[in-house]
K.L.:
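Dropping the structure in here first, questions after.
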There are 2 protein chains.
Amino acid sequence: MIMIFSGLPLARNHFQHAAAVTEGGFQLTDRVPLIDKKFANRVDWNLMRTFVDIVRAGGIGAAARQLNRQQPSISAALKRLEDHVGTTLLHRTATGVEMTAAGKAMMTLCEDMLESARMMPHQIAQATKRVEGFVRIQIVSGLVSPEFDEAIASFHRRNPDIHIEIRVSPWRQVLDALEQGEVEIGVSYDSSVRGSLMYEPLLVERQQLYCSRSSPYFGHRVSRLIELKDERFVLTGEDEIELIRNLRRRNRLGTRVSGLAEDINEAQRLITLGVGIGFLPVLAAEGAVARGRLWPLLHADVEPSYDIYLLARTDPARDTATQLFWDEVFRRVRALRMA
Amino acid sequence: MIMIFSGLPLARNHFQHAAAVTEGGFQLTDRVPLIDKKFANRVDWNLMRTFVDIVRAGGIGAAARQLNRQQPSISAALKRLEDHVGTTLLHRTATGVEMTAAGKAMMTLCEDMLESARMMPHQIAQATKRVEGFVRIQIVSGLVSPEFDEAIASFHRRNPDIHIEIRVSPWRQVLDALEQGEVEIGVSYDSSVRGSLMYEPLLVERQQLYCSRSSPYFGHRVSRLIELKDERFVLTGEDEIELIRNLRRRNRLGTRVSGLAEDINEAQRLITLGVGIGFLPVLAAEGAVARGRLWPLLHADVEPSYDIYLLARTDPARDTATQLFWDEVFRRVRALRMA
DNA sequence: CATGATCATAGATCAAATCGATGCCACCCG
DNA sequence: CGGGTGGCATCGATTTGATCTATGATCATG
């Protein structure tokens, strides 16, 4: 056991009960935290990075291979960390390691540290010189997100030399373009979760079934969708998400297709012009509804809703421009979600 | 430059050169960063702790003394860090060091890391065992803060074995008790800034001048305070803050003192009973106003307002109970301020 | 029961941070 | 102005301590 007295130990007598957890030390526990005051000043911070690597790799040996070290090296590192902390962080099993409760707590803090470390080159680049580069963004059409717009504006203000390119496409193509490296950032719906992509929920989009002013339904709510099965429909083709497709199928809507447009704005135009009824995102149609050119047929509480994500490749080595952009949007979205 | 392509235009060639540019990505170089992919994986994270120490100490030599190392050691460490980053972080002057723009960016990130590291022992204690201990809190009277209340409730839920003690006193005594180690946490106004304490703005308190139902002013607004100079006054003695005192003096209020109570609640009782008029925090008086027992004499936009702070000693080695409590309140206040 | 994982331990090795001495520069003051 | 002072950088020697190799223990799996 190692005891370190620094400063004025006795003066704090009164507080000894207040530090009960750490004080437990002197009775011979099996393992004793080396220190607790000034913990952060004495530990080797690199151990925390290693800790994350171990957990992410799922085992000590696995981590060793990824890091091009030998297994005992990592094993020893973990032990050093645990000695400093005074607790077992990972249970060693025959199949790898699993986190203890303490390990989980440690993990989130270590991940915070990693995130800070990862941001350094980018933040410094931003602080030092004007960052140049490209950010290519591919989004689904009809997207309405003031936060995202503001993020772009603010990002451009701070980094006027970064080219921003926005493409619009059906949602599947957004995902494909991302995976194939054609763009760095995506904003889209996704029906599943692709391992190669990072998903950050951006907003919840809702859709509504709209008809034009010329429709006999204008001004009326429809309670049973199936009533509309013989109506002419405007579809969004590839851009239609499963949720809507299933809803349509269940109610036999859209058997008579009178219009088709991949782009939500064009679909909206067709619906407004009375070509047929069709689904649109609520926020996208808002303006037209307010001007009395579209009418929502469903009750608000049955509007199908789904998540729209901010997307990027999981590629840990993103270029600075992309990283800064992601961070800009991320910060705003997170701050918003707090409220 | 911002480019927007609508629809699904242009094929590969456009993006090919875009890719080329991005490859070049991080080339903003008077000095070449050793690596920037995987920056976080290659740097010695301890350098970041050292960096904070240097900045906080105000110089390389100063930091060396604090850390019980030799000056060249620290100097070399800083150089290593700057080499990895690829930029000068600190300008060496004859009087110490000063941060460059990049250094400032680095500093905030490094401080984040330090904060995470500091939290580790406490978070782990919380995760592992039930934390025992004491948190003694001293606050000013008449404080209304749902966030603070919720923080206490939630804190107690998570740490049922920590004793919580709350004392009430005039604001000066809150500060004194803190500095003398009689309590760990304070909530109070302060007219200056004491170096030994940490200040986290908790809320903005406003005060109003109230009269009772029996006052001839009840139901009327007073536009010129001096009209009231002959009114009987209820004072809060030591607990009165400078702002209010000056306001009173300027308008010769309170020359006829008919009541005195250090505690806001008691002062409010006296005012309500018609002993005199007097200043009270708006939120504290809210209930009595709603029940028609008090009447605010001032227009809302001239209500004097001031900050109430969450306070603790700057002591870096707080015990776990205190640290967790501080963190609980801190998180809530910060989250709230985001919105 | 053997095989192939996993992780732990021990002693040797080697890299790198630290040290101590020295030199340079800017500033201050007599 | 010129010597002192306090700041930091540079250099080679030293020592610390993390990593490596080799080996052993334990546990899943076929």
Side-chain angles (χ1 to χ4, degrees), chain A residues 2 4 30-31 34-35 41-100 102-103 106-107 110, chain B residues 30-31 34-35 41-100 102-103 106-107 110:
Chain A
I2 302 179
I4 300 184
D30 39 5
R31 209 188 302 193
L34 290 194
I35 340 83
N41 298 325
R42 319 217 126 228
V43 213
D44 182 349
W45 281 16
N46 295 316
L47 297 178
M48 293 154 192
R49 172 176 50 199
T50 307
F51 180 75
V52 174
D53 290 327
I54 296 174
V55 175
R56 294 234 240 254
I60 293 181
R65 284 187 291 278
Q66 287 182 15
L67 298 171
N68 296 319
R69 316 247 113 96
Q70 293 309 103
Q71 169 265 321
S73 174
I74 307 300
S75 183
L78 177 57
K79 185 169 165 30
R80 286 197 295 277
L81 182 59
E82 287 180 330
D83 283 348
H84 276 283
V85 168
T87 323
T88 307
L89 296 173
L90 300 177
H91 277 130
R92 282 73 158 174
T93 75
T95 70
V97 295
E98 54 190 26
M99 287 186 275
T100 64
M106 178 62 105
M107 183 63 179
C110 288
Chain B
D30 34 15
R31 207 196 300 190
L34 293 194
I35 340 82
N41 299 324
R42 321 220 123 230
V43 211
D44 182 350
W45 281 17
N46 294 316
L47 297 177
M48 293 152 192
R49 171 176 52 198
T50 306
F51 180 75
V52 174
D53 290 328
I54 296 174
V55 174
R56 295 233 238 255
I60 293 181
R65 283 187 292 278
Q66 287 183 15
L67 299 172
N68 295 319
R69 323 239 112 99
Q70 296 305 104
Q71 170 265 322
S73 176
I74 306 300
S75 183
L78 177 57
K79 185 170 164 30
R80 285 198 295 277
L81 181 60
E82 287 180 330
D83 283 347
H84 275 285
V85 168
T87 321
T88 306
L89 296 173
L90 300 177
H91 276 129
R92 282 74 158 171
T93 76
T95 71
V97 295
E98 54 189 27
M99 287 186 275
T100 63
M106 177 64 103
M107 183 62 178
C110 289

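Convention: sequence-line order gives letters A, B, ...; per-chain numbering from 1.
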K.L.:
Specify the separation, in whole Å, of atom CG of B:D83 and atom C1' of C:dA16.
P.N.:
15 Å
K.L.:
Should A:R92 be listed as having a side-chain N or O under 4.0 Å from OP1 or OP2 of D:dT26?
P.N.:
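So the side chain of A:R92 is outside the cut-off, no N or O lying under 4.0 Å from OP1 or OP2 of D:dT26.
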K.L.:
Measure the spacing between CD1 of B:I60 and CG of B:D53 and express it to the nearest 0.5 Å.
P.N.:
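Going from CD1 on B:I60 over to CG on B:D53, the span is 12.5 Å.
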K.L.:
Between A:K79 and A:D83, is the closest basic N to carboxylate O distance under 4.0 Å?
P.N.:
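Result for this pair is yes, salt bridge flagged.
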K.L.:
How many Å lie between NE2 on A:H91 and P on D:dT26, as a whole number?
P.N.:
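To the nearest whole Å, that distance equals 17 Å.
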K.L.:
Given atom CD of A:E82 and atom C1' of C:dA8, what is their separation to the nearest angstrom?
P.N.:
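Interatomic distance, CD of A:E82 to C1' of C:dA8: 12 Å.
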K.L.:
Between atom NZ in B:K79 and atom P in D:dA9, what is the gap in whole Å?
P.N.:
9 Å
K.L.:
Spell out, as yes or no, whether a donor-acceptor pair under 3.5 Å connects the side chain of A:T100 to the backbone of A:L90.
P.N.:
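Checking the backbone N and O of A:L90 against the side chain of A:T100, no donor-acceptor pair under 3.5 Å is found.
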K.L.:
Does any N or O in the side chain of B:Q71 come within less than 3.5 Å of the main-chain N or O of B:A64, such that one atom is a donor and the other an acceptor?
P.N.:
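No, B:Q71 side chain to B:A64 backbone: no donor-acceptor pair under 3.5 Å.
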K.L.:
Over how many whole Å does the gap from B:I60 atom CD1 to C:dC25 atom C1' extend?
P.N.:
14 Å
K.L.:
Are any side-chain N or O atoms of B:R49 and backbone N or O atoms of A:V43, one a donor and one an acceptor, separated by less than 3.5 Å?
P.N.:
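Checking the backbone N and O of A:V43 against the side chain of B:R49, a donor-acceptor pair under 3.5 Å is found.
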K.L.:
Just compare C:dA8, D:dT10, D:dG7 and give me whichever is closest to any side-chain atom of B:S75.
P.N.:
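Comparing C:dA8, D:dT10, D:dG7 against the side chain of B:S75, the answer is D:dT10.
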K.L.:
For the pair A:V85 and A:M106, evaluate side chain to side chain contact (heavy atoms under 4.5 Å, CB included) and give the outcome as yes or no after the intermediate values.
P.N.:
CA-CA 10 Å; A:V85 168; A:M106 178 62 105; 3.3 Å; yes
K.L.:
Write down the distance between CG (B:L47) and P (C:dA17), rounded to a whole number of angstrom.
P.N.:
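Result: 8 Å.
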K.L.:
Please list each protein N or O that sits under 3.5 Å from an N or O in nucleotides 16-21 of chain D, with the distance.
P.N.:
| unit_1 | atom_1 | unit_2 | atom_2 | d |
| --- | --- | --- | --- | --- |
| D:dT19 | OP2 | A:S73 | OG | 3.3 |
| D:dT19 | OP2 | A:R80 | NH2 | 3.3 |
| D:dT19 | O5' | A:S73 | OG | 3.0 |
| D:dC20 | OP2 | A:Q70 | N | 2.7 |
| D:dT21 | OP2 | A:Q70 | NE2 | 3.2 |

